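Throughout, protein chains are lettered first and strands after them, A, B, ... in sequence-line order, and every chain is numbered starting at 1. Treat the numbers as computed from the prediction; the structure is a model and nothing was measured.
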Amino acid sequence: MTIGEVRTLLDARVLCGEEMLEQTVLSACGSDMMSDVLAFVKEQSVLLTGLVNPQVIRTAEMMDMRCVVFVRGKMPDEAMLALARSHDMAVLTTPLRMYTACGRLYEAGLKGEDLS
Amino acid sequence: MTGAPAPEGRRSEALKERYIVDGDDFQAAGSASSAMKKLLRSLGVPPEAIRRAAICMYEGEINMVIHANGGEAEVAFDGETITMTLADSGPGIPDPELALREGWSTATDAIRDLGFGAGMGLPNMKRNSDEMTIDSTAGQGTTITMTVRV
């Protein structure tokens, strides 16, 4: 699935990283706890979250993620977007709630991580 | 920062960098980890090793900011091993064994509201490093040393 398809499925708005919409992402995770993202996520390239602070972008950076989606209509500030841009990360915002947003992506084939 | 930066691509040359972690600025937390990541990438270190080191360093950096009012981080790379030393003058960890249990945390609700403090930091640092030692004295501070082999 491409980041552009993520945008369409989530009725999302692209806040930065327009040039990355053709990039492919293979899996996703959703969490408001960055501690858990750092501890449990391995290869996900999309992070869905309702938390808004710069550490969301930092966490995604450390995990080599390509795309952050803010759910529930949350809006990052310009400093967060600048940080995302500096790490070639696409940032989207969707009015959908977390459960629905994750459900739409999962249903369309973007899976989470297998427990092993 | 101390030590002369190594020329790009020369992995055999020992390298040491020092970063100050500002304890008053949660917004800026992670900047040392970000700088380390960039440095390791410029040295040609494999992405998986960089990711493991970045997670270790970032968890440590966040801990220093939320628990210890900041500190210093030193990163050394000898071509085979990344060694990260994080030192603070905070309250110390009274029982490191307990602190290594997943879910155990002294973080406040305010810290949890920021997305951290789930009691996963130290266990995650241990999991992502090849070796980790905690040297802590109550009331004096903590030094955590972690290595990641490339």
Under 4.5 Å from a heavy atom of chain B, the part of [X] involved:
X        : answer
Asn53(A) : side chain
Thr49(A) : neither
Leu38(A) : both

**Message:** Shorter than 4.5 Å, heavy atoms on both sides: which option in Ala28(B), Gly121(B), Ala29(B) has the most such pairs with chain A?
**Reply:** Ala29(B)
**Asked** Does any heavy atom of chain A fall under 4.5 Å from the side chain of Tyr58(B), the backbone, both, or neither of them?
**Response** side chain
**Request:** Measure distances from Ile62(B) to the heavy atoms of chain A and classify the residue's part below 4.5 Å as side chain, backbone, both or neither.
**Result:** side chain
**Fill in**
Interface check, chain B: of Met80(A), Met63(A), Met62(A), most non-hydrogen pairs under 4.5 Å belong to Met62(A)
**Item:** Residues Lys16(B), Asp78(B): salt bridge by 4.0 Å N-O rule
**Value:** no
**Sidechain N-carboxylate O distance under 4.0 Å for Lys37(B), Asp64(A)** = yes
**Exercise: do Gln23(A) and Thr2(A) side chains pair donor with acceptor under 3.5 Å** = no
**Message:** For Asp88(A) and Arg66(A): C-alpha separation, side-chain torsions, deciding distance, then whether side-chain contact (heavy atoms from CB on, under 4.5 Å) applies.
**Reply:** CA-CA 7 Å; Asp88(A) 299 324; Arg66(A) 307 311 319 146; 3.5 Å; yes
**Message:** Could you measure the distance from the SG atom of Cys56(B) to the CG atom of Asn128(B)? Nearest 0.5 Å is fine.
**Reply:** 5.0 Å
**Message:** Ignoring hydrogens, what is the shortest heavy-atom contact between Met89(A) and Cys67(A)? Give both atom names and the distance.
**Reply:** CG-N, 4.2 Å
